[in-house]
Amino acid sequence: MSDPTIPTPVPPSSVVLVSGGSRGLGLAIATDLLDSGLKVAAFARTVTPELAKLADAHPERTHVGSVDVTDLAAAQAFVRSAEERLGPIDGLVNNAAVGQDSLHVHTATADIGRIIETNLTAPLQLTRLAVRRMLAQGRRGRIVNITSICAQRGFPGLVAYSATKGGMDAATRSLARELGGRVLVNAVAPGFFASEMSAVLGQTQLDQIVRRTPTGQLTEPEEVVPVVRLLLRDQTTINGQVIVVDGAASI
Ligand SMILES: NC(=O)c1ccc[n+]([C@@H]2O[C@H](COP(=O)([O-])OP(=O)(O)OC[C@H]3O[C@@H](n4cnc5c(N)ncnc54)[C@H](OP(=O)(O)O)[C@@H]3O)[C@@H](O)[C@H]2O)c1
């Protein structure tokens with residue numbers, strides 16, 4: 001007889017929705033999940049040749065599309081078509097985001113709005129959409145929010161961006177409580193890594209980040225990906241946590 005004091009484990013995900021899967025960390029996550037046998041639905045505003053190639057390599061287990069995450073109707077339509085093709089989504093990686101490279105005093109209202117809409121409002125809406133479907137279908141699931149060490153340490157030029165990442169860290173904790181263990185909700189907060197988003201950083205800033213990092217190097221997406229995979233597909237009770245992968249730069 002099973003022990004009623006031990007909660008039923010939340011099963012690992014088998015169909016994972018990855019926002020911003022066209023390049024950078026999102027593409028690395030989508031590739032890794034496919035390599036580990038999962039099915040992946042990935043979207044971005046533009047389907048890059050790299051994402052199209054990934055889909056071609058795994059035609060039975062991928063669904064890709066061109067969707068703006070801030071367009072809720074388009075996101076809903078993508079999720080419906082992904083579920084028809086792959087089966088019910090039981091994992092979500094909120095990875096899509098836009099960066100910033102402007103001092104707060106010089107940032108236009110429209111730009112603050114765009115950063116908040118893309119990095120905070122849209123992932124909250126996508127999460128609500130995914131969770132409603134999981135719960136309506138009586139399914140359990142996993143959510144991983146990609147946030148940033150900017151939520152925990154100050155960085156000039158990233159004020160609105162940092163606010164959105166801090167917001168997602170806070171939402172991670174409250175949603176984990178709200179869902180009572182039926183869906184495990186965690187965040188992974190990487191340190192700076194090379195990508196289109198971080199290409200705006202100058203060499204002086206990069207050198208400073210490396211100097212401040214005990215491991216003496218920038219974060220690599222390859223260090224972040226296994227943590228995301230664990231939270232999606234391992235038998236675990238990790239829930240409501242923000243896991244920092246930054247070589248201790250932020251401590
Ligand atoms: N790079 C870093 O140093 C760093 C550090 C800490 C955390 N992060 C976080 O890691 C995640 C990935 O960042 P990255 O460096 O890999 O960035 P990236 O190379 O700029 O990729 C961002 C992805 O998000 C997509 N995206 C952006 N706006 C979108 C929208 N409105 N609708 C749909 N998709 C959208 C992009 O595709 P489209 O442009 O075609 O839409 C792309 O696929 C982000 O959450 C970022 O905040 C990055």
Enquirer: Mind checking whether M168 and V244 sit in one hydrophobic cluster, side chains of I, L, V, M, F, W, Y counted as touching below 4.5 Å?
Expert: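 Result: no, two separate clusters.
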
Enquirer: Among T127, N239, N145, T147, find the residue that satisfies the side-chain hydrogen bond (donor to acceptor under 3.5 Å, both in side chains) test when tested with T172.
Expert: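 Of the listed options, the one satisfying the test is N145.
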
Enquirer: How about D246 and T213: does a side-chain donor come under 3.5 Å of a side-chain acceptor?
Expert: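 On atom types as modelled, these side chains do not qualify, holding no pair under 3.5 Å.
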
Enquirer: Taking CZ in R85 as the centre, count heavy atoms belonging to other residues, nucleotides or ligands within less than 6.0 Å. Is the count above 12?
Expert: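 Yes - once you tally the heavy atoms of other residues, nucleotides and ligands closer than 6.0 Å, there are more than 12.
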
Enquirer: Check the pair L129, Q76 against side chain to side chain contact (heavy atoms under 4.5 Å, CB included), reporting the backbone distance first and the verdict last.
Expert: CA-CA 7 Å; L129 172 64; Q76 270 169 333; 3.6 Å; yes

Enquirer: How many angstroms lie between atom CZ of F155 and atom CD1 of I149, to the nearest 0.5 angstrom?
Expert: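 Here the interatomic distance stands at 4.0 Å.
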
Enquirer: Just by distance, do the side chain of R233 and the backbone of S36 share a donor-acceptor pair under 3.5 Å?
Expert: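 Yes, R233 side chain to S36 backbone: donor-acceptor pair under 3.5 Å.
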
Enquirer: To the nearest 0.5 angstrom, please state how far the CZ atom of R153 sits from the CD1 atom of I251.
Expert: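 Between atom CZ of R153 and atom CD1 of I251 there are 9.5 Å.
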
Enquirer: Do other residues, nucleotides or ligands put more than 12 heavy atoms under 6.0 Å from Q235 CD?
Expert: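 For Q235, atom CD is crowded (more than 12 foreign heavy atoms under 6.0 Å).
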
Enquirer: One pair to check against side chain to side chain contact (heavy atoms under 4.5 Å, CB included): L135 and L179. What are the steps and the verdict?
Expert: CA-CA 10 Å; L135 299 184; L179 292 172; 4.1 Å; yes

Enquirer: If hydrophobic clusters are built from ILVMFWY residues whose side chains come within less than 4.5 Å, do V16 and L184 share one?
Expert: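 Different clusters.
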
Enquirer: V224 versus V228: any side-chain heavy-atom pair under 4.5 Å?
Expert: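 The answer is yes; the side chains approach within 4.5 Å.
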
Enquirer: Under 4.5 Å between side-chain heavy atoms, counting indirect links through other Ile/Leu/Val/Met/Phe/Trp/Tyr residues: same cluster for V159 and I116 or not?
Expert: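 Shared cluster, no.
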
Enquirer: Kindly compute the distance separating CG (L232) from CG (L38), expressed to the nearest 0.5 Å.
Expert: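 One finds 7.5 Å between CG of L232 and CG of L38.
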
